[in-house]
Asks: 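Following this message is one structure expressed as C-alpha cells.
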Amino acid sequence: MAAEPWQKYEIPGPTKAVVITKPEVVSALVTRAKNPILVAGFKTAEIDFGNGKKPIDYVIRIAKAANIPVVATAHTVSEFLKRDFKPTAWMSAMDIGNRLTDPTWSVTGKNPPHDLALIIGISHYYMSWLIMSGLKSFAYKHLKTVSIDQYYYPHCNWSFPNLSLKDWEKNLTAIAENLEKGRKK
Amino acid sequence: MAAEPWQKYEIPGPTKAVVITKPEVVSALVTRAKNPILVAGFKTAEIDFGNGKKPIDYVIRIAKAANIPVVATAHTVSEFLKRDFKPTAWMSAMDIGNRLTDPTWSVTGKNPPHDLALIIGISHYYMSWLIMSGLKSFAYKHLKTVSIDQYYYPHCNWSFPNLSLKDWEKNLTAIAENLEKGRKK
Amino acid sequence: MTKMRIKIDELGTDILKAKGFELSVGRVVEEWEETPGPNPMPDISTLREWDHKLLKKYKPFYLPFCDLCCLCTMGKCDLSKGKRGACGLDMAAQQSRIVLLSCAIGAATHTGHARHLIEELIEKFGRDHPINVGDGSVYLEAPHARLVTGIKPKTLGDLEDIVEYCEKEIVHLLSCCHTGQEGNNIDFESKVFHAGMIDHVAMEACDIAQISTYNFPKADPEAPLVEIGIGTIDTHKPVILVIGHNVPPAVEIYEYMKRNGLENDVELCGICCTAIDITRHTQKAKIVGPLSHQLRFVRSGVADVIVVDEQCIRTDILNEAMKVNAVLISTHYKNFQGLPDRTNDPTDEIVNDLVSGKAPGACILNSEKAGEVAVRVAVAIAPKRRKMGIIPEDSQIIEAAKKCTQCHSCQRVCPNNLPIPEAMKAAAKGDLKPLADLYERCIGCVRCESEGVCPNNLHPHTLMVGASRIKIREEKFKIRAGRGPIQDVEIRRVGGPIVLGEIPGIVALVGCANWPDWKANALIAEEFAKRNFIVVATGCAAMAMAMYRNEEGLTVYEAFPGAFDAGGVLNVGSCVSNPHISGAAIKIASIFAKRKLNSNYEEIADYVHNRVGAVGISWGAMSQKASSIASGFWRLGIPVIVGPHGSKYRRALLGRKDRDEDWYVIDARTGERVYVGPTPEHLFFPVETVEEAMVMIPKLCMRPSDTTKGRAIKLNHYIDLHKKFYGTLPDDIHLFVRTVADIPVTMKDEILEFLKEKGWKESKNPSPDPTLLPRLIRVKKEG
Amino acid sequence: MTKMRIKIDELGTDILKAKGFELSVGRVVEEWEETPGPNPMPDISTLREWDHKLLKKYKPFYLPFCDLCCLCTMGKCDLSKGKRGACGLDMAAQQSRIVLLSCAIGAATHTGHARHLIEELIEKFGRDHPINVGDGSVYLEAPHARLVTGIKPKTLGDLEDIVEYCEKEIVHLLSCCHTGQEGNNIDFESKVFHAGMIDHVAMEACDIAQISTYNFPKADPEAPLVEIGIGTIDTHKPVILVIGHNVPPAVEIYEYMKRNGLENDVELCGICCTAIDITRHTQKAKIVGPLSHQLRFVRSGVADVIVVDEQCIRTDILNEAMKVNAVLISTHYKNFQGLPDRTNDPTDEIVNDLVSGKAPGACILNSEKAGEVAVRVAVAIAPKRRKMGIIPEDSQIIEAAKKCTQCHSCQRVCPNNLPIPEAMKAAAKGDLKPLADLYERCIGCVRCESEGVCPNNLHPHTLMVGASRIKIREEKFKIRAGRGPIQDVEIRRVGGPIVLGEIPGIVALVGCANWPDWKANALIAEEFAKRNFIVVATGCAAMAMAMYRNEEGLTVYEAFPGAFDAGGVLNVGSCVSNPHISGAAIKIASIFAKRKLNSNYEEIADYVHNRVGAVGISWGAMSQKASSIASGFWRLGIPVIVGPHGSKYRRALLGRKDRDEDWYVIDARTGERVYVGPTPEHLFFPVETVEEAMVMIPKLCMRPSDTTKGRAIKLNHYIDLHKKFYGTLPDDIHLFVRTVADIPVTMKDEILEFLKEKGWKESKNPSPDPTLLPRLIRVKKEG
Ligand code: SF4
Ligand code: SF4
Ligand code: SF4
Ligand code: SF4
Ligand code: SF4
Ligand code: SF4
Ligand code: SF4
Ligand code: SF4
C-alpha cells in the first residue's frame, strides 16, 4: 500500500514506498540488515514534540540500541555533540546520498556496502525526497531505504505515512523500545 | 481511495479518480445527473467477454435503461447500427472530448452543459487517458467524468479499478440491471 | 571561422588584395526578379495576426500528459483544475509551452543538422558549388527560403545565410520557454507555428545541399526502385549498418568501397533517414526498415559494424552492439556514446584497435576516415563473428514461455498494451502464432524487457522476434528511392485540378514508427492512390509503406507511378525532404496561381489553406521533429492527422463544425463574408483507428475553392469511405454541399433526402474567391 | 537584413562602389596583439576532454525529480531502478539531458536577449558605436568573447558576430536533447558545460552593449547608492513599475520623463533585473525588490502602469494587473500576454484606449513609444485609481483566519512548506505575528491561494502580506548601483593575493528568489566581507542582500566598500553581468598571470580551477538561466553552491574527498603527479542550511596553488566557521594541511593533535605548479 506525499505536488512515479503501518517492521528490517546506517538531518533537532523531547533524542536511542552508525547532515553534528553523542560521521546530505550509491563504501570502512539506510529529518521535504530518489535509481542494487520521518517519502522502499507529531513520536518510541528489547535478549 | 493506472507508466498527478468499488455508485451518479452522456469507443465492439457478449451490448442496455444519449467514437457507430441501436451522435474521440469542455454544448442541443460523462472503450488506454485529462482541467467546472472501462483511469472523477474481463462484465451488468430496475419503478 | 564586419567605404585596397578573405554584401534583392513582399525574415511577432486567425478557427484542445510542471526549481506545480504554478502559469499555457519546447527541439535538430551538413559539403565542394535540385526541371528550387527569407539561394554558401536566420529565430523561440516569459496559450501556439515555419526552411536548405552535391535523384519521378527489408540483406557478406540522419559518413563508406572494388563484397544497409538518403546516393545500398526495426536488426547480429550519426538512434546502441560483438562507430558529436574521440588518430591504429576488440567502438568525426575505418573493420571482423546474435529457436521460445506466470507486467509497460501474456500462454502450449502476430504491432522499444519488469526475467520482444523468424527473413520489398522535390512542370500540370478539387487531394504520409501497427501506412497509401489522390511520403512512413504487398504481390511503389499526379505514389525522401511536400503546395500558389512568393508568407498561406486540398498523416508520429514538421504544415493551414500516440503531443487543434460562425471566408471579389462550411474541419487531429483516418482524409481535403465538380468528387470519396467503415451516411454532408451540383451523381437521391431532413438550403455564393485577409479584397465592399 | 557571401576575388569595383553595403572579411587576427590559441570558437567536441577531466573528479549524483520521461510520444517511460525508456535511454542520461535542456533554455534566453538588445542599440546608436565598459580603466573589455571566440569586439556591430556564434552552438546543443541523440550521461554533462560557456559569452556581449550605450557605471567601484524596498516608493505620485530584464523600454520611460520635466513627478520603479539595470542608468529610479516581491507589490495597487519586457515576469501578470486596475504594457514579443499588438497604432489612440479603460493593456514593441505611452497613461490614471489594491486590514485578517479548518492543504502545496495553518490558528486568536513572520520565508508564489487549494477559500499569502503591512512599509534600504566589470588595475592589485590564497576567496552571490528565507543572502555577504573575502553579487541576490540591516543599521552596501578587493561588497549588476564575475577570474589568469587569452579556453580554465579561489552561491536559484550561469562557472572549474531548492536541478557534481586518487594534479615544473587534496571539493553542491553554506564557502575556496600563508588563512576561516556552526573541529583537516606551515597559528596545537590521530604526513611537494593538462608540463618527465 502506498500513501500520498506530504508536499502534495511531489509526485514520484509508478513505484512508491510501502507504508509502514507498524513500527515493528522497522526494527525487524534493522535487525535483519547486515550493515544498516542511520542518516539524520537538522530537522531532528529543530522539531519539538512539545514535551522537551526532540526526534534527535530518539535517533540517539535507536542508534545505541541497534548499534547503527549515524551520519549527521548539515550542522546537525553540533546537536548530537550537545547531547554527548558522537555520530559516526557528519557530512552534507548530498555527500551521504552520493556515497550510499557506491557499493564499495561504508561509513565505518568495514563490510561495504550498506544494505539498509534509515533516513530522518533532512531539512526540506523536497531535498530529502530527491536524495531518496537518487538512491532509488542509483543504489537499488544493494541498498534498501526506510524513511522514519514524519511524512510519507514515496521514493524509499518503506516509509511512514504522513503522521501527526504525536503519532510520529509514538512510532519512534516503539522502534527504540523494540530494538532495546532486542538488545537485551 | 485511488488505484494504479493500467498502463503502469501513465502517472497522472496528485489528483486521482475515486475508485468505484460498487457498481451502484455509477447508477446513482447517473440517476442524479441532470444531463448525463455516454461516450463509447471502438474497444466496446472489439472485446469479447467470451460468452458472445461484448461491452457494446451493455452500453446499449445502459443507454436504454437510463435514457442517456450515446456518442460513438471512431467507427464504432457501425457496430451500434449492426445492433439496431442508433447512437445520438458519432464523432471522433477528440471532438467529443473537446465539446464536453464547452459549457454551452450538449449533444442533443438541449439543456447544456453535460454534467456527467460515462466513458468506455476508447481505443488505446493512453488516448482515452489523455482526453480525460483534458476534461479534468478544462471541463472541471461543469462536468464530472466516470470511467466504466475495464481499467483504472486516474484522470476521471470516478473509475473502476483494473478489472478482469469477468469482473468488468459483472459490473456492467450490475449497472444495467440497477438502472433498468430504476426505470421500472 | 570568425569574421569582421566593416563598412564598405572603409575597405582599403590592401585588404581587398589579401587572399582567402570572404566578403559579404547586403543582398542585392534585384538579382531575383520578384520584389520582396511585406514580410522578409519574419520574427516572432510578424505573422502573429495570421496565426491568431487560424487559431480562432482551430482552437487548441489540451491533453495534459501530466498535471504537473517541473521545469524550474519552484516546482513541481500542480496546474490541474484551474490551479496556477508558482510562476503564475496556467495549464493551457503550460501545455502550449511544452508543444513549443518540442517544436523548438525539432526545429533545432533539423537546423543543426542542416548547419553541420552544409558546412561539411562546403568544405568538400566549395562555397560556390551551385544548387541543383532538378537538373533543369526545377526553377523554383527553394520555395520555403524564398517565401520566408526572401533569399533565392544559388550556391551552397547561400544556404548558410538561410540557416543563420533559422538559428536566430530558434534561439528566440526557445527562450520563450523559460520560466516567466509568455503567459498566453494562444501566443504560445503562434510561436509554435513560427517554429514549424522555420523548421521547413531549415530542412529545405538541408535537403537542397545534399541533393545538389551527392548523386541523389533530382526531382525524378522515375527514381530507381531499391531494396528494403531485413530479408534483402546478404548475411554472407560483411555487413555495415548505418543509422541516423546525416548521410555523409554513409556516402564515404560507399565511396571507399567503390574505390577499393568492394561494392559487391560488402553489404551496406541502413535504418531511419540515413538509410533513405544513402539509397538516394546508390542503389547498391539497402534499407533495413524504419526505427522500429533498429533494435531487432542489431540484435540479429547481422551487422558487423554499426555506424551512427545523429537522431533516432537508440541511445543504448553501444550496449546493444557490444552484446552481439558488433563494432560501433560514432561519427557525430551529437552522440558520443562515451566513446573516445579518435578523429585525429592514425587510421591503421583505429582499425587495429577495433578489429582486435581492444575497443568496442570509436568516435570518428571525419566522414572519410569513418568510412574507411568502417569498411576495413567490417571486412576484417566479419569472418570471425558469429552472425544471428541473440534470436532464440522455437524450442527455446516454448521453454521460456512456460515460465510466464501471467502477471501482465510486460503488457502494462508496453506502449501498445500488446497482449503478451496471452501469446505466452499459447506459446507455452507450442502455438507460436499469437506471439508472431504481435510483431506487426510492436514498435521494438523493448520496454517489456527492461530491468525489473518481468518477475521471471523473460524477454518478450526477443521471443516475439524469434517466433517471427521466418516472416522476418521474407521481408524483401521494393521502395522507390527518394526523388526530392516536385518539378515545376508537374506543378503546372496538377495545379488546376488540385485547386479546383478535381484531383481530390494530396495525401502526405510522413513521420516515425510509433504506430499501433505498420500495415496502416501501406493500406492508406493504396486506398488513396487507387482513388486518384496524389500520395507522397517521407521517412519511416515511406519505408513502412513499402513493407506490405497487395493482392498482386506488389508494394505500392511497384503498383503505382512515381509522378506527382493523380494516382501517384511518391517517396520524396528523408525527414528533411518534407519541405518538398509543403513546398509543392507553395509552388501551386506561386507557379500555378502566380501569387507573389518573395517574403509573402501570409498571402501564400492564405492561398494554400483555402485552396490546396492537402492533408498530412503521421501514423506513427513520435519525435519532437515530427511535431515541428507538423507545425510547419499548420502555419500554411494544411491539416495533419496523427495516429493515436499523437495525442501525447498534448493538444489537438480542432474546428467546431457545429459553429457556423467559424466557417466564413471573405470573397476577395466582393469583400463579402461567405459561409463555406468546415473546410478543412481540423488542423491537428489525433485519430483512434485507421478506419477513422481513412474517413477523415478525404474530408480534410475539402477546400472553399472547390468547384462543384471537385467538391462532388471529394464528397464521393468521403461518403463512400464513411459508408464502408462507419456503416452509414455521414451526418454532416449538409455542411459540405453548397449547391445541388456538389452532390455526387451516383448518390444523388440518398443525399437529397438527407439534406431535406437537415433543412439544407443552397448557398447563395457557392464559389467565392476565398481569403481570410481583408487586404486581398479587390473591390472594397461599400458601406 | 539579409546578406550574401561572395569571394573577394569576385568582388567587382561596381559592387564596391555601391552604397550601403556591408562587407565582412575574414577577421584580421593581427589587429589583436595575441595570436589565436588552439581553440577558437569551440564546437561541442572541442573541449570535451577538459570536461571529462573535471567530470572524473566531480561525478554527477543524479536526483531524479521524476521517475518518468515524457519527452516523446513513446513515453511516458519509467527509468527508475535500471529501467530504460522506449528509446533506450537510462536514468542518468535522462537526468543529464534535462540539465542540458535547462541550460540550453537558459543560454538561449540570454542569447536571445543579447541579440534583441544589441539590434535595438545598433539601430539607435549605430553599428560602429564603440565599446566602452570602463572609461579607460578596462582594457580587457570582453574576457569571455576573447577567450572563447577569439574576437576582440570594438563596436556594437562586433557583438553581433559573437552572438551569432552563440546562436549556432545553442541550436546544436538543443538538438542534442532530441529523442535518439546522445546516450551517455557524461557526454551530456560535457554539453551542459558547453552551454554554460556559451551563456557567459552571450551575457557578456549583452551587458557590454548596454554599458557602452546607456549611462551605466563603467567598472565603477564608487557606483552610486540607490534606493531599494517597497517603502521607498512614493505612493503619492503616479507610479510606473517595470518588470523583466530588457532595459530599453525603462530607459525610454525615464528619458521621456526627463524630456517632459516629469522626473520628479512620476515614480519609476522596478522588479528583477530591469530594476537593477534602470538604476544603473538613473539614480532616480528605485528597486522594489527581487522576484518574490513581484506579486505582492502588484497587488498592493501602488503601480498605475506596469511595463513588462521579458524573463522572470509572472505569467499571470495581466490578470493581476486587471485585479488592481493597473494598465499593462508588454514591450516584447516574448510575452504578448494575448494583448493586441499596437506598435503601429498612433500614440494618442493607444493612450486614450488605456486611460479610458477600453483596453486593459497593449503590446507596444517599440521602446520609445512604450516609454511615452507608459508615462502619459500613468499621469492620466493615477488620480483616478485607488492605490493600495487588495491588501486586507488586521480585522479582516482575523476574521478570515477564523474560517481556517486546519486542513494543512495550503502548507502542503507551499514550496517552502510554511506552517500557515499554525499561523492561522494564532491569527484567529488575534496574534498576527506568526503570520507576519512567514513573510521572510515566503517566495510570493501564491500557490497557497490557487483554485481549489483552500477548502474555505482563504488567501494565506494575502493575509500574510496584510499582517506584514508595517514591516513592508519600512522596507527602505540602499543598494549600490550595478558597477559592471572589474577594472584591470583592480585585477592587477588582487591577482597575487588571490592566487596565493592571501585573499581567502571571491564569494559570488547570484541568482533568483527561490530561497527558504531571504536574510541568508545578507548574512553570507556580511560574514565574508568581514572576513576579508571579496563579495560580489548580481540579480535578485544582489537585491536581497540589500534588504537587511546590520546592528549599526547599515546594509552591506553601506557598510563595505564597492571595490574589488578584500572586504569589498560589489553589486556587479543584473543577471547578464554575471560574466564580469567569471570574467574577473579569467582576467586574473590573463592580466595577472599573463596566460594567453585568445582562443585558449582549456589553459585558462585549468589556471582558474587550480588557482583562483572563487565560489558562487545561489541561495535562491530558480530559473533555467541560473542553471546555465552555474554551468559556465563549472566549465571554468569554479564551484557553485545552491540553496536546498537547487537540488531540483536534478543532480549535484560531487567530489569524493575520501578517494585520494581523485586529487592529483600534474606539477607543470616536473611532470610529476602530486596529491593536492580535495581542492576544491565539489563543483555543484546543494546545501540544506545556511550554516552549511557558510562552512562550505571557505572550504571551496581552497586551491592547489595556495601558498602556506594563504592556505593557513583559508583553513582558519573554514575551521573557525565549522567550530561555530558544527560545534567541533572539521574531520577532514588532514586533507588540506600539506605542511605544518599550513596550520593556522592560533589553532596549532589542537590541529597537530588531530593530525596525529589521523596519521597525517607532510607532503613532499606541497607547492606544485598545478595543472591538469599534460601539454603544460614545461620539463617532460624522463622515462
Ligand atoms: S515553470 Fe512555473 S509552473 Fe513550472 S515548475 Fe516553475 S514555477 Fe512551477
Ligand atoms: S518491444 Fe514491442 S512488445 Fe515490447 S514493450 Fe515495446 S512495443 Fe511492446
Ligand atoms: S512480465 Fe513476464 S511473467 Fe509477467 S506476463 Fe509478462 S512474460 Fe509473463
Ligand atoms: S521518420 Fe521519425 S522515426 Fe523515422 S527517421 Fe525520421 S524522425 Fe526518426
Ligand atoms: S525520449 Fe525516450 S525515455 Fe523519453 S519518453 Fe521518449 S522514448 Fe521514453
Ligand atoms: S505564497 Fe508564500 S506561503 Fe503561499 S505557497 Fe508561496 S511561498 Fe508558500
Ligand atoms: S488550506 Fe485553508 S483551511 Fe486549510 S489550513 Fe490552509 S488556510 Fe486553513
Ligand atoms: S536573479 Fe533570477 S529571478 Fe532574479 S531577475 Fe535574475 S533570473 Fe530572474
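The structure displayed is predicted, hence computed values, not measured ones. Letters A, B, ... mirror the listed sequences (proteins, then strands); counts begin at 1.
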Asks: Is it the side chain or the backbone of D:I317 that comes within 4.5 Å of chain C heavy atoms, both, or neither?
Replies: neither
Asks: Below 4.5 Å from any heavy atom of chain D, which atoms of C:K76 appear? Answer side chain, backbone, both or neither.
Replies: both
Asks: So what's closer than 4.5 Å to chain C heavy atoms on D:V453: side chain, backbone, both or neither?
Replies: side chain
Asks: Where on D:K334 is there a heavy atom nearer than 4.5 Å to chain C: the side chain, the backbone, both, or neither?
Replies: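 The answer is both parts of D:K334.
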Asks: So what's closer than 4.5 Å to chain D heavy atoms on C:A621: side chain, backbone, both or neither?
Replies: backbone
Asks: Side chain, backbone, both or neither: which part of C:L318 has a non-hydrogen atom closer than 4.5 Å to chain D?
Replies: neither
Asks: Within the 3.5 Å criterion, strictly below it, is a donor on D:T179 or C:Q624 matched to an acceptor on the partner's side chain?
Replies: yes
Asks: Pick whichever of C:L89, C:I44, C:T73 has the most heavy-atom pairs under 4.5 Å with chain D.
Replies: C:T73
Asks: Is D:D43 close to chain C through its backbone or its side chain, or both, or neither, when contacts mean heavy atoms under 4.5 Å?
Replies: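 Contact with chain C is through the side chain of D:D43 alone.
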Asks: For C:V642, is it the side chain, the backbone, both or neither that has a heavy atom under 4.5 Å from a heavy atom of chain D?
Replies: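 When you check distances to chain D, no heavy atom of C:V642 falls under 4.5 Å.
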Asks: Who wins among D:G82, D:C166, D:G620 for the most heavy-atom pairs under 4.5 Å with chain C?
Replies: D:G82
Asks: In terms of heavy-atom proximity below 4.5 Å to chain C, should D:N319 be classed as side chain, backbone, both, or neither?
Replies: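 The side chain, not the backbone.
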Asks: Around atom CD of C:E451, are there more than 12 heavy atoms of other residues, nucleotides or ligands at under 6.0 Å?
Replies: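 Yes.
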Asks: Relative to chain C, which of D:I170, D:L295, D:L174, D:V163 shows the most heavy atom pairs under 4.5 Å?
Replies: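 Among D:I170, D:L295, D:L174, D:V163, the one with the most close pairs to chain C is D:L174.
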Asks: Would you call C:D90 and D:D316 a side-chain contact if the rule is heavy atoms closer than 4.5 Å?
Replies: no
Asks: Nearest 0.5 angstrom please: C:R447 CZ to D:R84 CZ, how far?
Replies: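 So the CZ of C:R447 and the CZ of D:R84 are separated by 14.5 Å.
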Asks: Which region of D:D187, side chain (C-beta onward) or backbone (N, CA, C, O), has a non-hydrogen atom less than 4.5 Å from a non-hydrogen atom of chain C, or is it both or neither?
Replies: side chain
Asks: Counting only heavy atoms closer than 4.5 Å, note whether D:C66 contacts chain C via side chain, backbone, both or neither.
Replies: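 It is both, since atoms from each part get that close.
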Asks: Between C:G88, C:G85, C:G183, C:C72, which residue shows the highest count of heavy-atom pairs closer than 4.5 Å to chain D?
Replies: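 Winner by heavy-atom pair count: C:G88.
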Asks: Of all of C:H332, C:E310, C:E320, which one pairs up most often with chain D through heavy atoms under 4.5 Å apart?
Replies: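 Top count of heavy-atom pairs under 4.5 Å with chain D: C:E310.
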Asks: Given heavy-atom pairs under 4.5 angstrom as the criterion, report whether the side chain, backbone, both or neither of C:C363 touches chain D.
Replies: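 Contact with chain D: none, neither part.
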Asks: With a 4.5 angstrom heavy-atom cut-off, could you sort out which part of D:I243 is near chain C: side chain, backbone, both or neither?
Replies: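 It is neither, since no heavy atom gets under 4.5 Å.
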Asks: Does the side chain of C:V413 reach to within under 4.5 Å of the side chain of D:D78, using non-hydrogen atoms?
Replies: no
Asks: Is the shortest side-chain heavy-atom distance between D:K168 and C:E119 below 4.5 Å?
Replies: yes
Asks: Could you look at C:Q94 and say if it's the side chain, the backbone, both or neither that has a heavy atom under 4.5 Å from chain D?
Replies: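 Neither part, no heavy atoms under 4.5 Å.
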Asks: At a heavy-atom distance under 4.5 Å, which candidate from C:G75, C:C176, C:S102, C:A93 has the highest pair count against chain D?
Replies: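 That would be C:G75.
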Asks: Quick one: of C:N416, C:I162, C:L339, who has the most non-hydrogen atom pairs under 4.5 Å with chain D?
Replies: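 Option with the top pair count is C:L339.
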Asks: Under a 4.5 Å heavy-atom cut-off, does chain D meet the side chain of C:N514, its backbone, both or neither?
Replies: side chain
Asks: I need the D:C70 SG to C:L68 CG distance, nearest 0.5 Å.
Replies: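 So the gap between those two atoms works out to 10.0 Å.
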Asks: Which atoms of D:I186 come close to chain C, meaning under 4.5 Å heavy atom to heavy atom: side chain ones, backbone ones, both, or neither?
Replies: neither
Asks: Can a donor-acceptor pair be found between the side chains of C:H178 and D:K625 at a distance below 3.5 Å?
Replies: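 Absent: no donor and acceptor within the cut-off.
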Asks: Side chains of D:F336 and C:S45, heavy atoms from C-beta outward: is any pair under 4.5 Å?
Replies: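 A side-chain contact under 4.5 Å exists here.
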Asks: Once you round to the nearest 0.5 Å, how far does CD of D:E182 lie from CG of C:N335?
Replies: 5.0 Å
Asks: Is it true that D:R115 and C:E167 have a side-chain N and a carboxylate O under 4.0 angstrom from each other?
Replies: no
Asks: To the closest 0.5 Å, what do you measure between CE (C:M74) and SG (D:C512)?
Replies: 8.5 Å
Asks: Tell me which of these, D:A626, D:S450, D:P415, D:C87, has more heavy-atom pairs under 4.5 Å with chain C than the rest.
Replies: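 Ranked by heavy-atom pairs under 4.5 Å with chain C, first place is D:C87.
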Asks: Would you give the length of the straight line joining atom OG1 of C:T315 to atom CG of D:N184, rounded to the nearest 0.5 angstrom?
Replies: 10.5 Å
Asks: Less than 4.5 Å to any heavy atom of chain C: does that hold for the side chain of D:L365, its backbone, both, or neither?
Replies: side chain
Asks: Looking at D:A86 and C:C445, what are the two nearest heavy atoms and their distance?
Replies: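 Heavy atoms of D:A86 and C:C445 come nearest at CB-CB, 3.4 Å.
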Asks: Under 4.5 Å, counting heavy-atom pairs only, tell me which of D:E49, D:Q337, D:R650 racks up the most with chain C.
Replies: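 Most heavy-atom pairs within the cutoff with chain C belong to D:Q337.
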Asks: How long is the straight-line distance from CG of C:L71 back to NZ of D:K648, given to the nearest 0.5 Å?
Replies: 13.0 Å
Asks: Heavy atoms, side chains only, cut-off 4.5 Å: are C:T109 and D:Q181 in contact?
Replies: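 Yes - at least one pair of side-chain heavy atoms lies under 4.5 Å apart.
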Asks: Given the ring of C:Y333, does D:R48 sit roughly above its face, with NZ or CZ under 6.0 Å from the centre of the six-membered ring and within 45° of the axis?
Replies: no
